[in-house]
Novice: 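Sharing a structure below in structure tokens format, with a few things to ask.
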Amino acid sequence: MPPAPPAGYENRLACGILNAMNTLLHSGESVKSAEEDYLAPLNPEQLEAVLHSGHPLLILAGAGSGKTRVITAKIAYLIKERRIPPHAILAVTFTNKAAREMAERARDLEERASSVMIRTFHSFGAWFLRCNAERAGLEPNFTIYDEDDSLSLLSLAAENRERSELKPFVRRIARAKDYFLSPDDPDLSRIDYRKDFKTLYAAYEERLRRVGSVDFGDLIKRPVEILKEQPEVASRLRDRFHAVLVDEYQDANVAQFELLRALFGPETYLCVVGDDDQSIYRFRGAEVRNILEFPERFPGTDIIRLERNYRSVSPILHLASSVVCRNQGRLGKTLVAQREGGKQPVLSFLPDQEEEASFCARLIENSVRQSGARKASYADWAVLYRTNAQSLSFETAFLRRRIPYRVVGSLKFYEREEIKDALSLLSCMANPKDEVAFRRIINKPARGVGPAALRRIMEEADGTDGDTVAAAERALSNLPPKARAGVTVFLKSLAASAADLGGRRDAGPRQSDWAVKAGDGLSVCVARLLHNTGLAVYHAANDESGTNQRAGNLQELANAASLYPATFEGLAGFLEHIELDRSFEIAREEEDAARDAVTLITVHNTKGLEFPRVIMTGLEQGVFPRTDKRGEELEEERRLFYVGATRAMDELYLCTAARRRLYGRPAFMRPSLFLYEIEQGRMRIIGDRPECFGILPPEGFPALKDGLL
DNA sequence: TAGTTTTAAGTTTTT
DNA sequence: CTTAAAACTA
């Protein structure tokens, strides 16, 4: 579901009126209880966290300790009791899903919370950059590059190198930005000491500026740069936000920490919530030290621990804790299960991944067929795996047995060729300097524009400030007839759509019969562009499955645009949302969400979720934990295991296979190190014991001499 | 230049 | 095994 466009003025007006009414209604002592209702369900620590004020606050919230409840209650409290204007509150999350959930739950407690700025770090950065585009040297309608676009851009900047060779560099550039390191920073060697890297990074940056785009890292790094260099901007922002709340703080990287620091002024109330045991994004630059050292970085910090777990029955919590407590670098919490009793977790040894899948299928099927209190619904179940590729065997097994399922996150709607093409087309409109988008789309469908013709256009672009669209127009006379005709059609389509958007760019006359109907917003314009450029027909013809999937996907994309106004700003907003919210799903979602179905999901994606019954699969050395990871990286895998296990409320199952097809070929597997780390007696083992497979625990495992499991 | 065939490569996790 | 890039032919 595409997120709704920003709230309008009338919302704020309505809130103001409600606010006044509330004050009138609740002026007497007798109605006090109604006002404090939202505080009633809180335990003493949670309440303390909600009522806290003054110094910066670090809330160490264990898994299932009611973290979101505390944040949302705090938002309500700040508005109701502390009289902080809703628009002066900023709440930052890491995922769009978390942001949506927080917004929804906060609104349930306090209507005025709908005016609170609740965004992901990246979306906040994008908002800031659009407001301060000139200061950043950007057009307000800049485009946002994903990793793939960045790779294309880097291969333009280093044309003598192959894409595959550049791929690791793109990753490291992103990493450098996570650590707030510029090409000329002496600390850059911490990412990669080779001078190649510095050169490529610098070339990439220059090119990125020229095409008027930003990448994900820039959405954080560049705002921080502006705030550091221009104190008046920083102080204006500090004036605006009186309270800043951060969720999942353990996942913040260095640049995001810097952003927080820039937002933090003497009057700012800062509250971060996190759990060092759930830090699982180190590979993306997350710094556990951010949370470990928070009190030193923000002197006077108060710390509140939430250690009551309301989610899992105690055997599950004990199992999870017994593994994660092996980590060295942790603050150390003792989670106390509030739910006594419950079933013991089950470990199952399976011969291969097919058996693993059918084991899960049987398990689920049996539970659903049960009668009485133990009967489960499909939706109670989640199957967790380490990598998206593992979902396949479950999908086939579930399909065969008619078990309804839903795969979370791997849909990658936006990564489909036809969608990327359409987005490139739109990017060309929003930002004609976007060379990556232009190159992708100029010869699709085939317009007779080959390397030679493209080079001519790009030579022109050097003289037009990088404006590829204008360059194409100027190069027309220099192109061979076929290319000239093709490019002309392309340019006309763009111009016509630009006219739809208010015709800011030199467009032809606006045709009244094509005028955009008010209710349809951008979508008519998008649909027409896809049609006029021939992209829709091209993909309909190229649809291998023959089911018109691609045409349908393009239609869905156009439909999704209807929420946005038919203006250039609307277009930029639409593109931004698609680029930042990868969970963008096809409109069947409502129907889909209501369906009773098993959830197939990566462990990373489960953060913040909970399920009555959870199966963790693929618990083998090399898969989970992944390659032979050591030290910090192994600790992160361990935390990942912890996150997965603590998603379970009532029942937890663990699966490990002896054989697995890896990269096409079958491989013999050994059980995951983590299975050996589980405290003895914390689970029931079914299926063949590992010794039947002649499998030994991972090398150097200390418990070896104490006997297996 | 377009489209097809061959060959190679490479597979975490996500904003 | 799947996907992507490179080479080749029409």
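Atoms considered below: every heavy atom in the structure, side chains included; atoms not considered: hydrogens, waters and symmetry mates. Naming convention: chains lettered A, B, ... in sequence-line order (proteins, then strands); numbering from 1 in each chain.
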Novice: Could you provide the dot-bracket string of DNA chain B, using ( ) for intrastrand pairs, [ ] for crossing pairs and | for bases paired to another strand, with Watson-Crick or G-U pairs below 3.5 Å?
Specialist: ||||||||||.....
Novice: Report each atom pair, protein N/O against N/O of nucleotides 8-10 of chain C, whose distance is under 3.5 angstrom.
Specialist:
none

Novice: His604(A) side chain: which of dT12(B), dT1(B), dT13(B) is closest?
Specialist: dT13(B)
Novice: Counting only heavy atoms not in Phe283(A), do more than 12 fall under 6.0 Å of its CZ?
Specialist: yes
Novice: Tell me whether the OP1 or OP2 atom of dT12(B) has a side-chain N or O from Asn388(A) closer than 4.0 Å.
Specialist: no
Novice: Check the pair Lys177(A) / Asp218(A) against salt bridge (Lys or Arg N to Asp or Glu O under 4.0 Å), numbers first and verdict last.
Specialist: CA-CA 7 Å; Lys177(A) 293 189 177 183; Asp218(A) 282 343; 2.9 Å; yes
Novice: Can you give me the N/O atom pairs linking the protein to nucleotides 5-10 of chain B at distances under 3.5 Å, or say none if there are none?
Specialist:
none

Novice: Using the ring of Tyr281(A) (Phe, Tyr or Trp, six-membered ring only), decide whether Arg284(A) places NZ or CZ under 6.0 Å from its centre and within 45 degrees of its axis.
Specialist: yes
Novice: Using whole Å, report how far CZ of Arg100(A) lies from C1' of dT15(B).
Specialist: 13 Å
Novice: Can you name the atoms? Protein N/O to nucleotides 2-4 of chain B N/O, anything below 3.5 Å, with the distance.
Specialist:
from	atom 1	to	atom 2	distance (Å)
dA2(B)	OP1	Gly448(A)	N	3.0
dA2(B)	OP2	Asn443(A)	ND2	3.0

Novice: May I ask you to say what Tyr281(A) touches in the nucleic acid, namely base, sugar-phosphate or nothing, with a heavy-atom cut-off under 4.0 Å?
Specialist: sugar-phosphate
Novice: If we ignore hydrogens and angles and just use 3.5 Å, is the side chain of Asn431(A) paired with the main-chain N or O of Gly212(A) as donor and acceptor?
Specialist: yes
Novice: As a test of reading the structure: which of dT13(B), dT15(B), dA5(C) is closest to the side chain of Arg163(A), going by heavy atoms?
Specialist: dA5(C)
Novice: For atom C1', what is the distance between dT12(B) and dA5(C), given to the nearest Å?
Specialist: 23 Å
Novice: With P as the reference atom in both, quote the distance from dA4(C) to dT13(B) in angstrom, rounded to an integer.
Specialist: 14 Å
Novice: Flag as yes if Phe283(A) stacks onto the base of dT13(B) (centroids under 5.5 Å, planes under 30°), otherwise no.
Specialist: yes
Novice: Once side-chain contact (heavy atoms from CB on, under 4.5 Å) is applied, do any residues pair with Ala561(A), and if so which ones, sequence neighbours excluded?
Specialist: Leu522(A), Ser523(A), Val526(A), Phe574(A)
Novice: Measuring only between side-chain heavy atoms, which start at C-beta, is Glu633(A) closer than 4.5 Å to Pro625(A)?
Specialist: no
Novice: Is Glu677(A) paired with Arg638(A) through a side-chain N to carboxylate O contact shorter than 4.0 Å?
Specialist: yes
Novice: Can you check the Gln250(A) CD to dT13(B) P distance for me, whole Å?
Specialist: 20 Å
Novice: Please give, in whole Å, the distance from dT15(B) P to Leu580(A) CG?
Specialist: 10 Å
Novice: Just how far, in rounded Å, is P of dT14(B) from CD of Glu579(A)?
Specialist: 16 Å
Novice: Quick one, Glu248(A) with Lys67(A), criterion salt bridge (Lys or Arg N to Asp or Glu O under 4.0 Å). Give me CA distance, side-chain angles, the key distance, then yes/no.
Specialist: CA-CA 9 Å; Glu248(A) 306 281 16; Lys67(A) 173 171 63 83; 3.4 Å; yes
Novice: Quick check: Phe94(A) with Phe121(A) (ring centres under 6.0 Å apart)?
Specialist: yes
Novice: If I take atom CD in residue Glu417(A) and atom C1' in nucleotide dA4(C), what distance separates them, rounded to the nearest angstrom?
Specialist: 12 Å
Novice: Assess whether salt bridge (Lys or Arg N to Asp or Glu O under 4.0 Å) is satisfied between Asp196(A) and Arg161(A), documenting all intermediate values.
Specialist: CA-CA 12 Å; Asp196(A) 252 27; Arg161(A) 297 189 189 230; 3.0 Å; yes
Novice: The criterion is side-chain hydrogen bond (donor to acceptor under 3.5 Å, both in side chains); which residues satisfy it with Arg440(A), sequence neighbours excluded?
Specialist: Asp421(A)
Novice: Can you find a donor-acceptor N/O pair under 3.5 angstrom joining the side chain of Arg386(A) to the base of dT13(B)?
Specialist: yes
Novice: For Arg661(A), answer base if it contacts any base atom (sugar-phosphate contacts may also be present), sugar-phosphate if it contacts only those atoms, and nothing otherwise; contact means non-hydrogen atoms under 4.0 Å.
Specialist: nothing
Novice: Given dT15(B), dT12(B), dT14(B), which nucleotide is nearest the side-chain atoms of Thr387(A)?
Specialist: dT12(B)
Novice: To the nearest Å, give me how far apart NZ (Lys167(A)) and C1' (dT3(C)) are.
Specialist: 9 Å
Novice: What integer distance in Å separates Leu151(A):CG from dT11(B):P?
Specialist: 11 Å
Novice: When you look at CZ of Arg330(A), are more than 12 heavy atoms from neighbouring residues, nucleotides or ligands closer to it than 6.0 Å?
Specialist: yes
Novice: Closest approach to the side chain of Ala452(A), judged atom by atom: which nucleotide of dT15(B), dT1(B), dT14(B) is it?
Specialist: dT1(B)
Novice: Could you tell me the separation between the CG atom of Leu609(A) and the CG atom of Leu384(A), rounded to the nearest 0.5 Å?
Specialist: 9.0 Å
Novice: Would Arg172(A) count as a cation-pi partner of Tyr201(A), with NZ or CZ less than 6.0 Å from the six-membered ring centre and within 45° of the ring normal?
Specialist: no
Novice: When the distance from CD of Glu354(A) to P of dC1(C) is rounded to whole Å, what number comes out?
Specialist: 12 Å
Novice: Checking side chain to side chain contact (heavy atoms under 4.5 Å, CB included) against Met669(A), which of Gln353(A), Gln621(A), Arg660(A), Arg659(A) comes through?
Specialist: Arg660(A)
